[in-house]
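To start, the structure under review is shown below, and the notes come after it.
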Amino acid sequence: MDLIERIDQWGRTTPDRPAHISGGEVLTYRQLIAKSDLLADHLIKTLPQDRSPVGIYGHKENEMLIGFLGCVKSNHPYIPLDTSLPAHRVDAIISTAQASLLLKPDDIAQLTHRGQSSNFEMRRLQKDDAWYIIFTSGSTGDPKGVIISRGCLESFISWILDEQGFKDSGEIFLNQAPFSFDLSVMDLYSSLATGGTLFSINKEDIAELRALYQSFAVSGITTWVSTPSFARMCLMDAGFKASLLPGVRKFWFCGETLAPEVAANLLQRFPKAEVWNTYGPTEATVATTSIQITRKILEKYPALPVGRAKPGTLVEVHDSGGSSVPAGERGEIIISGSNVGLGYIHRPDLTSKSFFEYKGWRAYRTGDAGHYQDDLLFFDGRLDFQIKLHGYRIEIGDIEANLQALENVRDAVVIPAMKQERADHLVAFVIFKENPTGSEFENMQRLKKGLGSRLPDYMVPRRFIFLREFPLTPNGKADRRKLAEKIQ
Ligand code: AMP
């Protein structure tokens with residue numbers, strides 16, 4: 001597959017078809033191709049030819065897509081950065097990635113307003129050239145940037161299109177996830193590769209159910225891509241059913257556990273639609289396994305499987321010694337194959353911990369526990385302190401390190417408060433260096449504000465509990481189990 005060529009051809013064959021609709025603004029394929037060529041031309045002329053990354057900082061604007069393709073066509077991988085990231089975090093990402101430029105939608109609009117580029121020559125990516133770099137939470141407080149090559153992305157998209165039988169038929173894909181979260185890669189490139197329309201909903205829509213439903217009613221969405229958390233939120237309203245979205249034929253989920261009741265409710269309210277569960281980390285390009293969740297699967301398995309590996313991939317469960325375990329036994333999920341990324345940008349230390357060569361392929365230790373049953377993979381939780389909160393991937397250590405960097409904080413431990421076996425919100429336990437002045441409420445507000453300037457809102461704990469000491473385990477570490485008992 002030549003993904004860029006596939007996308008560009010829509011500019012020639014169906015130039016007036018909408019490529020992206022966001023907040024009522026429409027970007028056609030003609031505009032997308034012409035403007036991304038213009039941007040690429042500008043980047044080739046102004047940036048060193050060193051394949052250095054370019055940050056694209058915005059939300060769901062049409063210019064985000066122009067920015068992404070403009071970077072790729074100039075052989076500079078892009079880093080999608082959502083506006084939910086505070087300036088401190090954006091600075092940390094730009095500096096870790098050694099990015100040569102940070103572009104915002106206004107910059108992109110200005111650079112591309114002319115409309116068409118003359119005699120532009122695209123820089124074609126080789127298989128192992130980076131296409132994008134997505135930053136995820138890192139356990140020591142520094143975000144880490146996963147490098148995804150052209151080969152990885154094309155392997156992933158080819159699989160999705162084959163499996164789902166998408167023809168070039170102009171599907172309309174829901175884009176719920178911010179572009180900084182790799183779930184969005186699933187809808188973005190499935191749509192662009194097939195001449196479809198990406199229908200983005202923005203954070204204002206999501207915060208206001210009525211606005212969201214108005215968006216849905218006019219959307220014509222045929223393929224729904226979101227986290228299970230988002231679907232669960234929509235299902236809380238009885239109006240979320242086939243009459244609101246009569247065109248939906250598929251629900252695709254990835255990123256966190258799909259609860260059986262969410263799948264069952266969707267099948268009931270959208271009788272003509274299929275529900276799919278897919279699994280995988282950013283490091284292995286969005287998703288590596290998949291399964292259609294039918295009524296039969298729901299009846300048979302109380303916890304839903306995440307499916308079978310995509311072709312060209314080996315997904316094994318290993319014991320701590322690195323040997324594959326028999327079906328039914330738990331171990332760590334190891335992914336190897338064509339969709340495993342190139343590692344973490346400028347972090348060879350972290351890369352060598354998690355990426356390795358296995359049976360001649362690039363392989364990744366997911367840190368996920370899992371087992372096989374009936375030739376199907378099941379996800380059994382994490383082996384470390386990474387969590388998913390409402391679909392967001394968070395390293396608990398990232399929040400703790402950023403809390404400890406705040407003034408007067410001696411030590412901090414963060415624990416997810418659980419509800420029906422899912423993380424519901426975060427609770428921070430904090431020890432101050434010196435007795436602070438002010439009430440507990442004021443101190444909590446001060447810490448929330450300090451943390452909010454370093455981390456996105458979804459990583460700021462909802463509750464704070466101030467202690468003089470932490471209970472300790474026999475080997476002298478903060479006893480997380482005892483702390484968790486205080487909040488459950
Ligand atoms: P991210 O890199 O944000 O996509 O997060 C990857 C992690 O999300 C995986 O390592 C798993 O822990 C979790 N995850 C992804 N897909 C699923 C799924 N279908 N079911 C359960 N957990 C999942």
Side-chain angles (χ1 to χ4, degrees), residues 80 82 84-85 132-139 143-148 152-153 156 160 176-188 225-232 251-260 262-263 275-293 297 301-310 313 315 317 330-335 339-341 343-344 350 354-355 363-371 376-396 398 416 421-423 456 458-459:
D82 189 72
S84 60
L85 296 168
Y132 65 77
I133 297 166
I134 283 191
F135 273 79
T136 71
S137 181
S139 59
K144 49 189 188 187
V146 181
I147 310 171
I148 296 300
C152 294
L153 180 62
F156 167 68
I160 289 285
Q176 169 253 327
F179 293 118
S180 51
F181 177 12
D182 88 330
L183 176 59
S184 65
V185 168
M186 196 180 241
D187 43 77
L188 170 63
V225 184
S226 83
T227 56
S229 289
F230 183 68
R232 180 191 288 278
F251 287 89
W252 281 352
F253 294 110
C254 192
E256 60 179 344
T257 300
L258 175 62
V262 170
V275 173
W276 287 75
N277 190 14
T278 69
Y279 155 87
T282 304
E283 285 82 345
T285 323
V286 192
T288 304
T289 70
S290 68
I291 182 168
Q292 186 184 345
I293 305 297
I297 295 276
Y301 302 106
L304 296 177
V306 295
R308 297 182 185 83
K310 78 188 249 312
T313 319
V315 178
V317 176
R330 276 191 186 189
E332 182 176 13
I333 302 174
I334 306 291
I335 301 176
N339 58 332
V340 172
Y344 301 112
L350 297 178
S354 299
F355 291 83
Y364 174 68
R365 294 186 181 89
T366 62
D368 289 329
H371 71 274
L376 295 171
L377 182 68
F378 287 75
F379 168 81
D380 298 322
R382 289 290 302 176
L383 295 164
D384 58 13
F385 293 117
Q386 183 181 300
I387 61 155
K388 281 282 169 139
L389 180 65
H390 310 311
Y392 291 105
R393 169 170 163 178
I394 298 173
E395 288 285 353
I396 289 294
D398 195 354
E421 292 174 39
R422 281 178 301 120
Y458 63 79
M459 291 177 75

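Order of listing sets the numbers, starting from 1, for every ligand and every atom in it. What you are looking at is a predicted structure, and each value in this text was computed from that prediction instead of being measured. Just the heavy atoms: all of them, side chains too, but no hydrogens, waters or symmetry mates, feed the values below.
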Heavy atom of the protein closest to [atom] (residue, atom name, distance):
atom: atom 6 (C) of ligand 1; result: Pro281 CA, 3.5 Å
atom: atom 13 (C) of ligand 1; result: Gly255 O, 3.6 Å
atom: atom 9 (C) of ligand 1; result: Asp368 OD2, 3.2 Å
atom: atom 5 (O) of ligand 1; result: Lys388 NZ, 2.9 Å
atom: atom 18 (C) of ligand 1; result: Glu256 O, 3.3 Å

Below a 4.0 angstrom heavy-atom separation, can you tell me which part of [X], side chain or backbone, both or neither, approaches ligand 1?
X: Asn277; result: side chain
X: Asp182; result: side chain
X: Thr282; result: both
X: Phe379; result: side chain

Checklist entry - Under the 3.5 angstrom rule, does the side chain of Thr278 hit a backbone N or O of Thr289 as a donor-acceptor pair? => result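 Side chain of Thr278 to backbone of Thr289, a donor-acceptor pair under 3.5 Å: no, none is there.
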Next on the checklist: Any nitrogen or oxygen of Phe181, side chain or backbone, less than 3.5 Å from one on ligand 1?
Outcome noted: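 Phe181 vs ligand 1: no N/O contact under 3.5 Å.
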Next on the checklist: Using the rule side-chain contact (heavy atoms from CB on, under 4.5 Å), only one of Ile133, Thr136, Ile134, Asp398 pairs with Lys144; which is it?
Outcome noted: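 The option that passes is Thr136.
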Item to check | Whether His371 and Phe378 hold their rings parallel, tilted or perpendicular, with breakpoints at 30° and 60° | outcome: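 Taking Phe378 first and then His371, their aromatic rings lie parallel (interplane angle under 30°).
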